[in-house]
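Positions are given from 1 along the sequence. What you see is a predicted model; the values in this text were computed from it and never measured. Computed over heavy atoms, backbone and side chain alike; hydrogens, waters and symmetry mates excluded.
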Amino acid sequence: MSKVTVTIPDDFILGAAASAWQTEGWSGKKPGQDSYLDAWYKNDRHVWHNGYGPAGATDFINRFREDVALMKAAGLTHYRTSINWSRFLTDYENVIVDEEYATYYDSLIDELHANGIEPMLCLEHYELPAALLQQYGGWGSKKVVELYVRYAEKAFARFAGKVTRWFTFNEPIVVQTRVYLDALRWPYEQNTGKWMQWNHHKNLATAKVIKLFREKGYQGTVGTILNPEVTYPRSTAPHDVKAAEIYDLFFNRVFLDPAIKGEYPAKLLALLATHRVNWDYNEEEMRLIAENHVDEVGINLYYPHRVKAPSRAWHPETPFHPAYYYEHFELPGRRMNKSRGWEIQPQIIYDMAMRMKNDYGNVPWFIAENGMGIENEAQFKNADGEIQDDYRIDFIGEHLYQALKAREAGANCQGYMLWAFTDNVSPMNAFKNRYGLIEIDLENQRARRMKKSARWYRTLRDARQLTLSLDDEMK
Ligand code: BG6
(Lines give C-alpha, C1' and ligand atoms only; values in the text may rest on other atoms or scores of the structure.)
Protein backbone atom coordinates (compact mmCIF):
# COMPACT_ATOMS: atom_id res chain seq x y z
CA MET A 1 0.00 0.00 0.00
CA SER A 2 1.19 3.51 -0.68
CA LYS A 3 -0.27 6.99 -0.44
CA VAL A 4 -1.37 8.73 -3.63
CA THR A 5 -2.60 12.31 -4.13
CA VAL A 6 -4.50 13.29 -7.26
CA THR A 7 -5.76 16.74 -8.27
CA ILE A 8 -9.48 17.08 -8.90
CA PRO A 9 -9.95 19.48 -11.85
CA ASP A 10 -11.89 22.67 -11.01
CA ASP A 11 -14.74 21.87 -13.39
CA PHE A 12 -15.14 18.28 -12.16
CA ILE A 13 -18.57 17.64 -10.58
CA LEU A 14 -18.50 16.47 -6.98
CA GLY A 15 -22.14 15.82 -6.37
CA ALA A 16 -24.75 13.46 -5.05
CA ALA A 17 -27.99 12.05 -6.36
CA ALA A 18 -31.44 11.01 -5.21
CA SER A 19 -34.87 10.74 -6.77
CA ALA A 20 -38.25 12.26 -6.01
CA TRP A 21 -40.02 9.05 -5.01
CA GLN A 22 -37.18 7.84 -2.79
CA THR A 23 -37.09 11.04 -0.75
CA GLU A 24 -40.17 13.26 -0.91
CA GLY A 25 -42.88 11.22 0.87
CA TRP A 26 -46.61 11.44 0.27
CA SER A 27 -47.24 14.68 2.14
CA GLY A 28 -49.56 16.80 -0.06
CA LYS A 29 -50.08 14.03 -2.63
CA LYS A 30 -53.57 14.14 -4.10
CA PRO A 31 -55.90 11.21 -4.84
CA GLY A 32 -55.10 9.75 -8.25
CA GLN A 33 -51.42 10.84 -8.12
CA ASP A 34 -49.92 7.41 -7.44
CA SER A 35 -46.77 6.47 -9.30
CA TYR A 36 -45.92 2.92 -10.35
CA LEU A 37 -43.87 2.66 -7.14
CA ASP A 38 -46.75 3.87 -4.99
CA ALA A 39 -49.08 1.32 -6.58
CA TRP A 40 -46.53 -1.47 -6.08
CA TYR A 41 -46.11 -0.46 -2.43
CA LYS A 42 -49.88 -0.35 -1.87
CA ASN A 43 -50.47 -3.68 -3.59
CA ASP A 44 -47.52 -5.63 -2.27
CA ARG A 45 -46.34 -4.02 0.93
CA HIS A 46 -45.02 -7.21 2.50
CA VAL A 47 -41.99 -7.23 0.15
CA TRP A 48 -40.89 -3.79 1.41
CA HIS A 49 -38.33 -4.10 4.23
CA ASN A 50 -39.97 -3.43 7.63
CA GLY A 51 -42.93 -1.85 5.84
CA TYR A 52 -41.10 1.37 4.96
CA GLY A 53 -41.55 2.73 1.45
CA PRO A 54 -42.35 5.80 -0.61
CA ALA A 55 -45.12 6.93 1.80
CA GLY A 56 -42.77 8.38 4.41
CA ALA A 57 -39.47 8.28 2.51
CA THR A 58 -37.27 11.02 4.04
CA ASP A 59 -40.03 13.68 4.04
CA PHE A 60 -37.79 15.78 1.80
CA ILE A 61 -40.82 17.68 0.52
CA ASN A 62 -41.18 19.31 3.95
CA ARG A 63 -37.49 19.35 4.92
CA PHE A 64 -35.69 20.33 1.74
CA ARG A 65 -34.34 23.61 3.16
CA GLU A 66 -32.66 21.72 5.99
CA ASP A 67 -31.33 19.20 3.47
CA VAL A 68 -29.99 21.81 1.07
CA ALA A 69 -28.10 23.37 4.00
CA LEU A 70 -26.57 19.94 4.61
CA MET A 71 -25.68 19.61 0.91
CA LYS A 72 -23.78 22.84 1.23
CA ALA A 73 -22.08 21.62 4.40
CA ALA A 74 -21.05 18.41 2.63
CA GLY A 75 -19.57 20.43 -0.24
CA LEU A 76 -21.81 19.27 -3.11
CA THR A 77 -21.32 21.14 -6.36
CA HIS A 78 -24.37 19.47 -8.00
CA TYR A 79 -27.51 17.69 -6.85
CA ARG A 80 -29.52 15.40 -9.10
CA THR A 81 -33.07 14.40 -8.43
CA SER A 82 -36.19 13.71 -10.47
CA ILE A 83 -39.50 15.42 -10.97
CA ASN A 84 -42.25 13.05 -9.97
CA TRP A 85 -44.35 12.86 -13.15
CA SER A 86 -47.24 11.33 -11.19
CA ARG A 87 -47.37 14.39 -8.89
CA PHE A 88 -46.37 17.16 -11.28
CA LEU A 89 -49.72 16.78 -13.06
CA THR A 90 -53.25 16.39 -11.78
CA ASP A 91 -54.51 15.24 -15.18
CA TYR A 92 -52.10 13.18 -17.33
CA GLU A 93 -54.23 13.33 -20.50
CA ASN A 94 -54.76 17.09 -20.51
CA VAL A 95 -51.39 17.80 -18.87
CA ILE A 96 -52.73 20.03 -16.10
CA VAL A 97 -49.87 21.09 -13.80
CA ASP A 98 -50.30 20.67 -10.04
CA GLU A 99 -49.51 24.22 -9.01
CA GLU A 100 -48.77 23.29 -5.41
CA TYR A 101 -46.21 20.65 -6.41
CA ALA A 102 -44.66 22.86 -9.12
CA THR A 103 -44.28 25.67 -6.58
CA TYR A 104 -42.40 23.29 -4.29
CA TYR A 105 -39.97 22.60 -7.18
CA ASP A 106 -39.57 26.32 -7.81
CA SER A 107 -38.61 26.75 -4.16
CA LEU A 108 -36.26 23.76 -4.19
CA ILE A 109 -34.45 24.96 -7.33
CA ASP A 110 -34.15 28.48 -5.90
CA GLU A 111 -32.83 27.11 -2.61
CA LEU A 112 -30.19 25.05 -4.44
CA HIS A 113 -29.07 28.06 -6.47
CA ALA A 114 -28.97 30.27 -3.40
CA ASN A 115 -26.58 27.77 -1.83
CA GLY A 116 -24.31 27.48 -4.87
CA ILE A 117 -25.48 23.96 -5.84
CA GLU A 118 -26.40 23.23 -9.45
CA PRO A 119 -29.64 21.27 -9.88
CA MET A 120 -29.85 18.46 -12.44
CA LEU A 121 -33.35 17.16 -13.15
CA CYS A 122 -34.45 13.81 -14.42
CA LEU A 123 -37.95 13.46 -15.88
CA GLU A 124 -38.53 9.85 -14.85
CA HIS A 125 -36.92 7.81 -12.12
CA TYR A 126 -39.53 5.00 -12.30
CA GLU A 127 -42.34 7.50 -11.45
CA LEU A 128 -44.64 6.45 -14.29
CA PRO A 129 -48.18 7.41 -13.19
CA ALA A 130 -49.96 4.27 -11.97
CA ALA A 131 -53.09 5.37 -13.87
CA LEU A 132 -51.15 5.13 -17.15
CA LEU A 133 -49.97 1.63 -16.26
CA GLN A 134 -53.52 0.55 -15.50
CA GLN A 135 -55.15 2.24 -18.47
CA TYR A 136 -52.58 1.76 -21.24
CA GLY A 137 -50.08 -0.82 -19.96
CA GLY A 138 -47.50 1.86 -19.21
CA TRP A 139 -44.49 2.13 -21.49
CA GLY A 140 -45.85 -0.66 -23.67
CA SER A 141 -48.11 1.97 -25.23
CA LYS A 142 -47.28 4.59 -27.86
CA LYS A 143 -49.96 6.78 -26.28
CA VAL A 144 -47.89 6.88 -23.08
CA VAL A 145 -44.85 8.01 -25.09
CA GLU A 146 -46.94 10.94 -26.34
CA LEU A 147 -48.24 11.78 -22.85
CA TYR A 148 -44.67 11.71 -21.50
CA VAL A 149 -43.51 14.15 -24.20
CA ARG A 150 -46.36 16.48 -23.29
CA TYR A 151 -45.42 16.22 -19.60
CA ALA A 152 -41.79 17.04 -20.52
CA GLU A 153 -43.02 20.06 -22.46
CA LYS A 154 -44.77 21.36 -19.32
CA ALA A 155 -41.73 20.69 -17.14
CA PHE A 156 -39.43 22.54 -19.56
CA ALA A 157 -41.88 25.42 -19.85
CA ARG A 158 -41.90 25.77 -16.09
CA PHE A 159 -38.25 25.21 -15.15
CA ALA A 160 -36.00 25.38 -18.22
CA GLY A 161 -35.03 28.96 -17.39
CA LYS A 162 -33.58 27.84 -14.07
CA VAL A 163 -32.36 24.31 -14.82
CA THR A 164 -30.04 23.70 -17.75
CA ARG A 165 -29.10 20.03 -17.30
CA TRP A 166 -31.97 17.67 -18.04
CA PHE A 167 -32.21 13.89 -18.23
CA THR A 168 -35.02 11.89 -19.79
CA PHE A 169 -34.74 8.77 -17.60
CA ASN A 170 -32.85 7.18 -14.77
CA GLU A 171 -31.97 3.55 -15.50
CA PRO A 172 -34.69 3.13 -18.14
CA ILE A 173 -34.12 -0.64 -18.34
CA VAL A 174 -34.84 -1.44 -14.72
CA VAL A 175 -38.61 -1.51 -14.21
CA GLN A 176 -39.43 -3.71 -17.20
CA THR A 177 -36.50 -6.02 -16.52
CA ARG A 178 -37.68 -6.67 -12.99
CA VAL A 179 -41.38 -6.83 -13.95
CA TYR A 180 -41.52 -8.36 -17.45
CA LEU A 181 -38.24 -10.14 -18.00
CA ASP A 182 -37.62 -11.65 -14.58
CA ALA A 183 -41.07 -11.26 -12.98
CA LEU A 184 -39.51 -10.31 -9.66
CA ARG A 185 -41.70 -7.28 -8.99
CA TRP A 186 -45.37 -6.38 -9.06
CA PRO A 187 -47.37 -6.93 -11.23
CA TYR A 188 -45.24 -10.03 -12.02
CA GLU A 189 -45.61 -10.99 -15.68
CA GLN A 190 -42.91 -12.79 -17.65
CA ASN A 191 -43.18 -11.38 -21.17
CA THR A 192 -40.00 -10.80 -23.20
CA GLY A 193 -41.87 -8.94 -25.95
CA LYS A 194 -43.25 -6.42 -23.46
CA TRP A 195 -39.75 -6.01 -22.02
CA MET A 196 -38.37 -5.02 -25.42
CA GLN A 197 -41.38 -2.83 -26.20
CA TRP A 198 -40.78 -0.81 -23.02
CA ASN A 199 -37.07 -0.54 -23.89
CA HIS A 200 -37.88 0.73 -27.36
CA HIS A 201 -40.53 3.19 -26.26
CA LYS A 202 -38.20 4.70 -23.69
CA ASN A 203 -35.53 5.12 -26.38
CA LEU A 204 -38.15 6.70 -28.62
CA ALA A 205 -39.33 8.97 -25.80
CA THR A 206 -35.75 10.15 -25.20
CA ALA A 207 -35.38 11.04 -28.89
CA LYS A 208 -38.70 12.89 -28.97
CA VAL A 209 -37.94 14.89 -25.84
CA ILE A 210 -34.50 15.88 -27.19
CA LYS A 211 -36.14 17.02 -30.41
CA LEU A 212 -38.70 19.07 -28.49
CA PHE A 213 -36.08 20.71 -26.26
CA ARG A 214 -34.00 21.75 -29.28
CA GLU A 215 -36.95 22.95 -31.34
CA LYS A 216 -38.10 25.16 -28.47
CA GLY A 217 -34.60 26.65 -28.29
CA TYR A 218 -34.06 26.15 -24.56
CA GLN A 219 -30.61 26.80 -23.17
CA GLY A 220 -28.98 23.68 -21.80
CA THR A 221 -28.57 19.99 -22.46
CA VAL A 222 -30.65 16.84 -22.48
CA GLY A 223 -29.06 13.54 -21.56
CA THR A 224 -30.09 10.22 -20.13
CA ILE A 225 -28.88 8.25 -17.13
CA LEU A 226 -28.04 4.63 -17.87
CA ASN A 227 -26.80 1.69 -15.84
CA PRO A 228 -24.64 -0.39 -18.17
CA GLU A 229 -23.15 -3.27 -16.22
CA VAL A 230 -19.45 -3.60 -16.96
CA THR A 231 -19.52 -7.29 -17.88
CA TYR A 232 -16.46 -9.48 -17.76
CA PRO A 233 -16.37 -12.99 -19.24
CA ARG A 234 -15.27 -15.79 -16.90
CA SER A 235 -12.40 -16.62 -19.23
CA THR A 236 -10.79 -15.69 -22.52
CA ALA A 237 -12.36 -18.73 -24.23
CA PRO A 238 -14.63 -17.79 -27.18
CA HIS A 239 -17.74 -19.32 -25.59
CA ASP A 240 -17.36 -17.18 -22.43
CA VAL A 241 -16.53 -14.07 -24.47
CA LYS A 242 -19.66 -14.66 -26.57
CA ALA A 243 -21.77 -14.92 -23.39
CA ALA A 244 -20.47 -11.52 -22.25
CA GLU A 245 -21.04 -9.93 -25.68
CA ILE A 246 -24.62 -11.12 -25.81
CA TYR A 247 -25.30 -9.95 -22.27
CA ASP A 248 -23.89 -6.59 -23.26
CA LEU A 249 -26.20 -6.38 -26.29
CA PHE A 250 -29.37 -7.15 -24.36
CA PHE A 251 -28.73 -5.12 -21.24
CA ASN A 252 -26.23 -2.37 -22.08
CA ARG A 253 -26.13 -1.60 -25.78
CA VAL A 254 -29.95 -1.70 -26.02
CA PHE A 255 -29.85 1.79 -24.43
CA LEU A 256 -26.29 3.03 -24.98
CA ASP A 257 -26.36 2.66 -28.78
CA PRO A 258 -29.67 4.39 -29.55
CA ALA A 259 -28.93 7.22 -27.09
CA ILE A 260 -25.41 7.96 -28.34
CA LYS A 261 -25.25 6.52 -31.87
CA GLY A 262 -28.92 6.70 -32.82
CA GLU A 263 -29.36 3.04 -33.72
CA TYR A 264 -29.82 -0.42 -32.28
CA PRO A 265 -26.91 -2.83 -32.78
CA ALA A 266 -27.62 -5.00 -35.83
CA LYS A 267 -26.65 -8.09 -33.80
CA LEU A 268 -29.30 -7.28 -31.19
CA LEU A 269 -31.99 -6.89 -33.87
CA ALA A 270 -30.93 -10.20 -35.38
CA LEU A 271 -31.17 -11.96 -32.00
CA LEU A 272 -34.63 -10.51 -31.35
CA ALA A 273 -35.72 -11.78 -34.78
CA THR A 274 -34.16 -15.22 -34.25
CA HIS A 275 -36.02 -15.65 -31.00
CA ARG A 276 -39.24 -14.09 -32.32
CA VAL A 277 -39.38 -11.45 -29.64
CA ASN A 278 -42.46 -9.58 -30.61
CA TRP A 279 -42.09 -5.79 -30.45
CA ASP A 280 -43.62 -3.08 -32.50
CA TYR A 281 -41.49 -0.40 -34.16
CA ASN A 282 -41.47 1.44 -37.46
CA GLU A 283 -39.20 3.38 -39.80
CA GLU A 284 -40.39 6.76 -38.57
CA GLU A 285 -39.49 5.86 -34.96
CA MET A 286 -36.06 4.61 -36.01
CA ARG A 287 -35.50 7.86 -37.90
CA LEU A 288 -36.37 9.92 -34.84
CA ILE A 289 -33.90 7.90 -32.78
CA ALA A 290 -31.26 8.30 -35.50
CA GLU A 291 -31.68 12.08 -35.63
CA ASN A 292 -31.82 12.94 -31.94
CA HIS A 293 -28.81 11.87 -29.89
CA VAL A 294 -28.21 12.83 -26.26
CA ASP A 295 -25.92 15.71 -25.31
CA GLU A 296 -24.41 13.79 -22.40
CA VAL A 297 -24.79 10.53 -20.52
CA GLY A 298 -24.94 9.86 -16.79
CA ILE A 299 -23.70 6.40 -15.92
CA ASN A 300 -24.62 4.56 -12.74
CA LEU A 301 -21.84 2.15 -11.81
CA TYR A 302 -21.90 0.03 -8.68
CA TYR A 303 -20.45 -3.42 -9.31
CA PRO A 304 -18.87 -5.58 -11.99
CA HIS A 305 -20.97 -8.21 -13.65
CA ARG A 306 -19.46 -11.54 -14.64
CA VAL A 307 -20.83 -14.21 -16.92
CA LYS A 308 -19.90 -17.58 -18.36
CA ALA A 309 -21.29 -19.66 -21.21
CA PRO A 310 -24.44 -21.56 -20.20
CA SER A 311 -23.84 -25.06 -18.93
CA ARG A 312 -27.39 -26.38 -19.21
CA ALA A 313 -29.95 -26.82 -21.96
CA TRP A 314 -32.86 -24.38 -22.26
CA HIS A 315 -36.21 -25.96 -21.54
CA PRO A 316 -38.23 -25.87 -24.80
CA GLU A 317 -41.34 -24.52 -23.06
CA THR A 318 -39.54 -21.68 -21.30
CA PRO A 319 -40.12 -18.38 -23.14
CA PHE A 320 -37.05 -16.73 -24.56
CA HIS A 321 -34.92 -14.86 -22.06
CA PRO A 322 -31.44 -13.49 -22.84
CA ALA A 323 -30.13 -15.94 -20.19
CA TYR A 324 -30.42 -18.53 -22.96
CA TYR A 325 -26.90 -17.31 -23.82
CA TYR A 326 -25.21 -16.87 -20.43
CA GLU A 327 -25.03 -17.77 -16.78
CA HIS A 328 -23.90 -15.51 -14.00
CA PHE A 329 -20.43 -16.21 -12.71
CA GLU A 330 -19.06 -15.48 -9.24
CA LEU A 331 -15.35 -14.85 -9.08
CA PRO A 332 -13.86 -16.83 -6.18
CA GLY A 333 -12.16 -14.51 -3.70
CA ARG A 334 -14.04 -11.46 -4.92
CA ARG A 335 -14.33 -8.42 -2.67
CA MET A 336 -17.91 -7.96 -1.56
CA ASN A 337 -20.34 -5.49 -0.09
CA LYS A 338 -22.16 -8.20 1.82
CA SER A 339 -25.12 -5.98 2.80
CA ARG A 340 -26.12 -5.49 -0.83
CA GLY A 341 -24.55 -8.65 -2.24
CA TRP A 342 -22.60 -6.72 -4.85
CA GLU A 343 -18.96 -7.31 -5.78
CA ILE A 344 -16.62 -4.35 -5.32
CA GLN A 345 -14.22 -3.70 -8.20
CA PRO A 346 -13.33 0.01 -8.72
CA GLN A 347 -11.74 -0.77 -12.07
CA ILE A 348 -15.22 -0.86 -13.64
CA ILE A 349 -15.03 2.94 -13.69
CA TYR A 350 -11.84 3.01 -15.72
CA ASP A 351 -13.01 0.25 -18.05
CA MET A 352 -16.34 2.01 -18.69
CA ALA A 353 -14.51 5.30 -19.24
CA MET A 354 -12.31 3.71 -21.91
CA ARG A 355 -15.35 2.21 -23.56
CA MET A 356 -17.03 5.62 -23.71
CA LYS A 357 -13.85 7.05 -25.18
CA ASN A 358 -13.15 4.33 -27.72
CA ASP A 359 -16.58 2.97 -28.70
CA TYR A 360 -18.89 5.95 -28.12
CA GLY A 361 -17.02 8.89 -29.65
CA ASN A 362 -15.85 10.23 -26.28
CA VAL A 363 -19.30 11.76 -25.66
CA PRO A 364 -19.41 13.83 -22.43
CA TRP A 365 -20.43 11.61 -19.53
CA PHE A 366 -20.21 11.48 -15.76
CA ILE A 367 -20.67 8.97 -13.00
CA ALA A 368 -24.28 9.65 -12.10
CA GLU A 369 -24.40 7.11 -9.28
CA ASN A 370 -21.89 5.07 -7.36
CA GLY A 371 -22.09 4.19 -3.71
CA MET A 372 -22.30 1.65 -0.95
CA GLY A 373 -25.44 0.55 0.88
CA ILE A 374 -24.65 -0.80 4.35
CA GLU A 375 -26.93 -2.51 6.84
CA ASN A 376 -27.08 -1.58 10.55
CA GLU A 377 -24.90 1.48 10.26
CA ALA A 378 -25.81 2.53 13.81
CA GLN A 379 -23.22 0.00 15.00
CA PHE A 380 -20.53 2.31 13.62
CA LYS A 381 -21.52 5.36 15.73
CA ASN A 382 -18.80 6.87 17.87
CA ALA A 383 -19.34 8.17 21.41
CA ASP A 384 -20.77 11.41 19.98
CA GLY A 385 -23.25 9.51 17.83
CA GLU A 386 -21.57 10.18 14.47
CA ILE A 387 -21.43 7.22 12.05
CA GLN A 388 -17.78 6.46 11.32
CA ASP A 389 -18.25 5.18 7.77
CA ASP A 390 -14.61 4.76 6.82
CA TYR A 391 -15.64 1.90 4.50
CA ARG A 392 -17.68 4.46 2.47
CA ILE A 393 -14.79 6.90 2.37
CA ASP A 394 -12.53 4.13 1.06
CA PHE A 395 -15.16 3.04 -1.47
CA ILE A 396 -15.70 6.55 -2.82
CA GLY A 397 -11.97 7.29 -2.84
CA GLU A 398 -11.08 4.17 -4.80
CA HIS A 399 -13.82 4.71 -7.41
CA LEU A 400 -13.18 8.44 -7.74
CA TYR A 401 -9.49 7.68 -8.22
CA GLN A 402 -10.33 5.49 -11.23
CA ALA A 403 -12.43 8.29 -12.73
CA LEU A 404 -9.64 10.83 -12.32
CA LYS A 405 -7.12 8.39 -13.74
CA ALA A 406 -9.37 7.79 -16.75
CA ARG A 407 -9.74 11.52 -17.24
CA GLU A 408 -5.99 11.90 -17.32
CA ALA A 409 -5.98 9.16 -19.97
CA GLY A 410 -8.33 11.25 -22.15
CA ALA A 411 -11.76 10.08 -21.02
CA ASN A 412 -14.44 12.77 -21.23
CA CYS A 413 -15.59 12.13 -17.67
CA GLN A 414 -17.23 15.26 -16.25
CA GLY A 415 -17.63 14.24 -12.66
CA TYR A 416 -18.62 11.95 -9.85
CA MET A 417 -21.98 11.83 -8.08
CA LEU A 418 -22.57 9.70 -5.07
CA TRP A 419 -25.66 7.64 -4.44
CA ALA A 420 -26.99 8.99 -2.26
CA PHE A 421 -27.09 12.33 -0.56
CA THR A 422 -29.09 11.10 2.44
CA ASP A 423 -30.10 7.59 3.35
CA ASN A 424 -33.29 6.97 1.42
CA VAL A 425 -35.83 4.38 0.34
CA SER A 426 -34.71 1.64 -2.03
CA PRO A 427 -37.15 -0.47 -4.05
CA MET A 428 -38.13 -3.23 -1.59
CA ASN A 429 -35.01 -2.87 0.54
CA ALA A 430 -36.44 0.45 1.79
CA PHE A 431 -34.11 1.71 4.55
CA LYS A 432 -32.32 -1.62 5.04
CA ASN A 433 -29.10 -0.56 3.29
CA ARG A 434 -27.97 2.96 4.06
CA TYR A 435 -26.27 4.87 1.24
CA GLY A 436 -26.16 8.45 2.47
CA LEU A 437 -23.54 10.98 3.40
CA ILE A 438 -26.26 12.05 5.82
CA GLU A 439 -27.94 9.68 8.25
CA ILE A 440 -31.75 9.61 8.48
CA ASP A 441 -32.62 8.52 12.02
CA LEU A 442 -35.95 6.70 11.73
CA GLU A 443 -36.16 6.25 15.49
CA ASN A 444 -35.98 9.99 16.02
CA GLN A 445 -38.43 11.71 13.63
CA ARG A 446 -36.11 11.23 10.67
CA ALA A 447 -33.51 13.51 12.22
CA ARG A 448 -30.60 14.31 9.89
CA ARG A 449 -26.98 13.98 10.89
CA MET A 450 -23.78 14.16 8.87
CA LYS A 451 -21.72 10.99 8.78
CA LYS A 452 -17.93 11.09 8.82
CA SER A 453 -18.05 10.65 5.02
CA ALA A 454 -19.98 13.93 4.64
CA ARG A 455 -17.23 15.85 6.41
CA TRP A 456 -14.62 14.05 4.28
CA TYR A 457 -16.55 14.78 1.05
CA ARG A 458 -16.42 18.46 1.96
CA THR A 459 -12.62 18.31 2.17
CA LEU A 460 -12.49 17.00 -1.41
CA ARG A 461 -14.27 20.11 -2.61
CA ASP A 462 -12.23 22.49 -0.47
CA ALA A 463 -8.83 21.01 -1.34
CA ARG A 464 -9.68 19.81 -4.87
CA GLN A 465 -7.45 16.89 -4.07
CA LEU A 466 -8.01 13.21 -3.40
CA THR A 467 -5.53 11.47 -1.13
CA LEU A 468 -5.83 7.75 -0.55
CA SER A 469 -3.85 4.62 0.18
CA LEU A 470 -3.81 2.18 -2.69
CA ASP A 471 -2.55 -1.30 -3.39
CA ASP A 472 0.16 -0.98 -6.00
CA GLU A 473 -1.89 -2.99 -8.49
CA MET A 474 -4.79 -0.46 -8.25
CA LYS A 475 -2.69 2.51 -9.39
C1 BG6 B 1 -29.84 2.67 -8.75
C2 BG6 B 1 -31.09 3.48 -8.76
O3 BG6 B 1 -30.13 1.45 -9.35
O4 BG6 B 1 -29.29 2.21 -7.57
C5 BG6 B 1 -31.53 3.97 -7.39
O6 BG6 B 1 -31.04 4.56 -9.65
C7 BG6 B 1 -31.24 2.90 -6.36
O8 BG6 B 1 -32.89 4.30 -7.49
C9 BG6 B 1 -29.72 2.67 -6.30
O10 BG6 B 1 -31.74 3.21 -5.08
C11 BG6 B 1 -29.22 1.67 -5.28
O12 BG6 B 1 -29.78 0.39 -5.47
P13 BG6 B 1 -30.72 -0.26 -4.37
O14 BG6 B 1 -31.45 -1.34 -5.05
O15 BG6 B 1 -29.82 -0.76 -3.29
O16 BG6 B 1 -31.62 0.83 -3.90
Side-chain angles (χ1 to χ4, degrees), residues 18-61 81-93 98 101 122-141 143-145 147-148 151 169-199 201-202 205 227 319 321 340-341 373 420 423-433 440 442 446:
S19 70
W21 79 269
Q22 290 173 280
T23 56
E24 65 190 8
W26 287 354
S27 173
K29 183 157 79 83
K30 300 177 179 59
Q33 285 188 320
D34 282 348
S35 68
Y36 158 70
L37 275 305
D38 299 339
W40 174 22
Y41 180 63
K42 285 181 176 178
N43 279 287
D44 210 11
R45 199 172 178 144
H46 72 285
V47 302
W48 290 73
H49 187 71
N50 289 344
Y52 285 107
T58 70
D59 196 27
F60 183 80
I61 201 162
T81 188
S82 54
I83 299 180
N84 189 334
W85 176 10
S86 64
R87 292 192 62 173
F88 183 64
L89 302 175
T90 53
D91 178 336
Y92 309 119
E93 304 274 343
D98 183 328
Y101 188 78
C122 187
L123 292 164
E124 206 251 36
H125 192 128
Y126 320 152
E127 295 113 342
L128 167 76
L132 300 185
L133 180 64
Q134 277 144 23
Q135 203 174 337
Y136 299 111
W139 285 104
S141 154
K143 168 89 177 176
V144 169
V145 176
L147 293 177
Y148 170 80
Y151 146 62
F169 292 94
N170 174 80
E171 300 194 353
I173 200 168
V174 164
V175 172
Q176 62 271 25
T177 300
R178 305 285 181 270
V179 173
Y180 294 113
L181 197 59
D182 294 328
L184 293 170
R185 292 184 184 174
W186 181 86
Y188 309 104
E189 179 190 344
Q190 206 296 318
N191 186 326
T192 313
K194 274 194 186 175
W195 173 74
M196 188 56 205
Q197 195 68 59
W198 279 49
N199 290 339
H201 282 162
K202 289 183 179 181
N227 56 319
H321 184 294
R340 190 61 182 85
D423 296 337
N424 64 34
V425 172
S426 289
M428 290 194 288
N429 281 332
F431 283 105
K432 176 176 151 302
N433 303 318
I440 300 287
L442 293 175
R446 292 181 164 72

Looking at the rings of Trp21 and Tyr41, which for Trp means the six-membered one, are their centres under 6.0 Å apart?
no

Less than 6.0 angstrom separating the ring centers of Tyr136 and Tyr92, yes or no?
no

Kindly compute the distance separating [atom1] ([X]) from [atom2] ([Y]), expressed to the nearest 0.5 Å.
{"X": "Ser82", "Y": "His125", "atom1": "OG", "atom2": "NE2", "result": "6.5 Å"}
{"X": "Asn199", "Y": "Thr177", "atom1": "CG", "atom2": "OG1", "result": "6.0 Å"}
{"X": "Thr58", "Y": "Arg446", "atom1": "OG1", "atom2": "CZ", "result": "7.5 Å"}
{"X": "Tyr126", "Y": "Arg178", "atom1": "OH", "atom2": "CZ", "result": "7.5 Å"}
{"X": "Ser35", "Y": "Leu133", "atom1": "OG", "atom2": "CG", "result": "10.5 Å"}
{"X": "Asp182", "Y": "Gln190", "atom1": "CG", "atom2": "CD", "result": "7.5 Å"}

Can you see which heavy atom on [X] is nearest to which on [Y], and at what distance?
{"X": "Arg87", "Y": "Glu24", "result": "CD-OE2, 3.4 Å"}
{"X": "Leu37", "Y": "Pro54", "result": "O-CG, 4.2 Å"}
{"X": "Ala18", "Y": "Asn424", "result": "CB-ND2, 4.1 Å"}

Geometric class of the Tyr36/Trp186 ring pair [parallel <30°, tilted 30-60°, perpendicular >60°]
parallel

Find out whether Leu89 and Asp98 are in side-chain contact, i.e. whether some heavy atom of one side chain is under 4.5 Å from a heavy atom of the other.
no

If only atom types and distance count, is the side chain of Glu127 paired as donor or acceptor with the main-chain N or O of Trp85 below 3.5 Å?
no

Main-chain N/O of Trp40 paired with Asp44 side-chain donor or acceptor, under 3.5 Å:
no

So which of Tyr188, Trp139, Trp195 actually passes side chain to side chain contact (heavy atoms under 4.5 Å, CB included) with Tyr180?
Trp195

Exactly one of Arg185, Met196, Lys202 clears side chain to side chain contact (heavy atoms under 4.5 Å, CB included) with Gln176, and that residue is Lys202

List the steps and the verdict of side chain to side chain donor-acceptor pair (under 3.5 Å) for Tyr101 and Asn84.
CA-CA 9 Å; Tyr101 188 78; Asn84 189 334; 4.6 Å; no

